[in-house]
Amino acid sequence: MSMTQLKALQTYSSALAGENCVAGTFHYDVLSRELQWSEGIFQIHGYHRGEVVPTTGLLMSHLHADDRKRCREIFEGVCRVGGFFASYHRLYDARRRERRVLMVGEGVPDGNGNPLFIDGFILDLTRTVQLETDRSAREAIAGAIGTRDLIEQAKGILMGILHIGSDAAFDRLSAYSQHHNFKVAHTASTIVRLANNTDDSATLRSLVRALDTRFSARNEGGRVLHP
């Protein structure tokens, strides 16, 4: 993995996370079992250079218990037969903070095809994952608020046309939606859209009558009435 490729990787991760993700390279000599880390790998694991001696044992000890067996099998497989590998997994740094990382590498063979060493990189995606999770949560909250506002608008329209209270308006929305297997928000959206279209007031009133009729039919023991 060249420095140019690593910088390109950091640039891409920065576009995702809004700031540079920590990344670093490693080199493992299959014969001597010597493992070398760049500064970034030390940082991901919560160390400064000189605090620890990198070994595969240390590397595995930081892995999440649920990911350790799979990662060990991947690494040992590359040591035996070489080839490319990639693993997305969890690890705990020296301060027991969980990190989500992507490890990618290649087992480089000698002239006989036997792996000599493994070169690769580790990219800390913790910040990226957190930002994506936060964004999804914000979108879910915004969607819930938007749905609630939509339903409130539809209730207001029904209250004005049918001269009923708030609870009664929601009951009509709910009964009609259940009968037609719609979400309440879908029915509410249709009502609001029709109410905003002043050229189609007849369709709105027809739908409101259908809601009222469906509610009456449900309260009369389920007898279906057709408006």
Side-chain angles (χ1 to χ4, degrees), residues 12-22 63-70 86-93 95-102 123-227:
Y12 177 67
S13 65
S14 174
L16 289 176
E19 59 183 59
N20 286 330
C21 294
V22 179
L63 297 180
H64 190 287
D66 293 339
D67 298 336
R68 188 174 298 133
K69 182 175 182 293
R70 174 175 57 86
S87 173
Y88 174 72
H89 55 264
R90 296 160 292 179
L91 63 81
Y92 292 100
D93 68 13
R95 295 172 60 186
R96 301 304 298 169
R97 295 173 301 187
E98 183 178 303
R99 296 187 179 277
R100 305 296 180 99
V101 303
L102 174 67
L123 173 66
D124 185 354
L125 294 174
T126 308
R127 180 60 175 161
T128 301
V129 173
Q130 183 61 52
L131 287 173
E132 288 298 309
T133 301
D134 291 347
R135 185 176 69 178
S136 296
R138 289 195 300 270
E139 289 175 351
I141 292 171
I145 293 174
T147 296
R148 184 181 65 193
D149 289 346
L150 197 63
I151 292 173
E152 289 299 318
Q153 290 181 54
K155 284 167 55 179
I157 294 167
L158 293 180
M159 291 165 64
I161 295 176
L162 296 174
H163 304 290
I164 56 178
S166 175
D167 290 344
F170 183 80
D171 288 342
R172 282 159 174 76
L173 281 172
S174 178
Y176 183 86
S177 299
Q178 289 177 9
H179 177 70
H180 291 281
N181 198 27
F182 293 151
K183 291 184 178 180
V184 173
H186 174 80
T187 304
S189 176
T190 301
I191 291 173
V192 172
R193 176 174 54 81
L194 290 173
N196 287 330
N197 184 2
T198 57
D199 296 329
D200 199 11
S201 59
T203 302
L204 172 62
R205 292 189 175 276
S206 177
L207 176 58
V208 171
R209 285 197 301 271
L211 266 73
D212 198 32
T213 299
R214 170 46 43 197
F215 176 74
S216 300
R218 188 184 68 173
N219 285 355
E220 291 175 12
R223 180 168 58 89
V224 177
L225 302 177
H226 297 282

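Note that the structure is predicted; figures quoted are calculated from it, not measured.
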>> Is there a side-chain contact between Arg90 and Asp66 in this structure, where contact means two heavy atoms from C-beta onward sitting under 4.5 Å apart?
In response: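 In contact.
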
> Of the options Leu150, Leu194, Val184, which is the one that meets Ser189 in a side-chain contact (heavy atoms from CB on, under 4.5 Å)?
Replying inline: Leu150

> For Ser177, which residues count as a side-chain hydrogen bond (donor to acceptor under 3.5 Å, both in side chains) partner, sequence neighbours excluded?
Replying inline: Thr187

> Which residues satisfy the side-chain hydrogen bond (donor to acceptor under 3.5 Å, both in side chains) test with Asp212, sequence neighbours excluded?
Replying inline: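 Scan of Asp212 (side-chain hydrogen bond (donor to acceptor under 3.5 Å, both in side chains), adjacent residues dropped) gives Arg172.
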
> Between Asp124 (side chain) and Val22 (backbone), is there a donor-acceptor pair under 3.5 Å?
Replying inline: no

> Once the angle between the rings of Phe182 and His180 is folded into 0 to 90°, is it parallel (under 30°), tilted (30 to 60°) or perpendicular (over 60°)?
Replying inline: parallel

Atom [atom1] in [X], atom [atom2] in [Y]: separation rounded to 0.5 Å?
X	Y	atom1	atom2	answer
Thr126	Arg99	OG1	CZ	5.5 Å
Ile151	Lys183	CD1	NZ	11.0 Å
Leu204	Thr190	CG	OG1	10.5 Å
His186	Leu173	NE2	CG	12.0 Å
Glu152	Thr147	CD	OG1	12.0 Å

Could you pull out all donor-acceptor pairs under 3.5 Å where a side-chain atom in residues 156-170 meets a protein atom, sequence neighbours excluded?
unit_1	atom_1	unit_2	atom_2	d
Ser166	OG	Lys155	NZ	2.9

>> Under the rule for ring pair (Phe, Tyr, Trp, His ring centres under 6.0 Å), what residues qualify as partners of His64, not counting sequence neighbours?
In response: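 Counting only residues at least two positions away or on another chain, His64 forms a ring pair (Phe, Tyr, Trp, His ring centres under 6.0 Å) with Tyr92.
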
> Mind checking what makes ring pair (Phe, Tyr, Trp, His ring centres under 6.0 Å) contact with Tyr88, not counting sequence neighbours?
Replying inline: none

> With sequence neighbours left out, what residues match Arg193 under salt bridge (Lys or Arg N to Asp or Glu O under 4.0 Å)?
Replying inline: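 For Arg193 there are no salt bridge (Lys or Arg N to Asp or Glu O under 4.0 Å) partners, ignoring immediate neighbours.
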
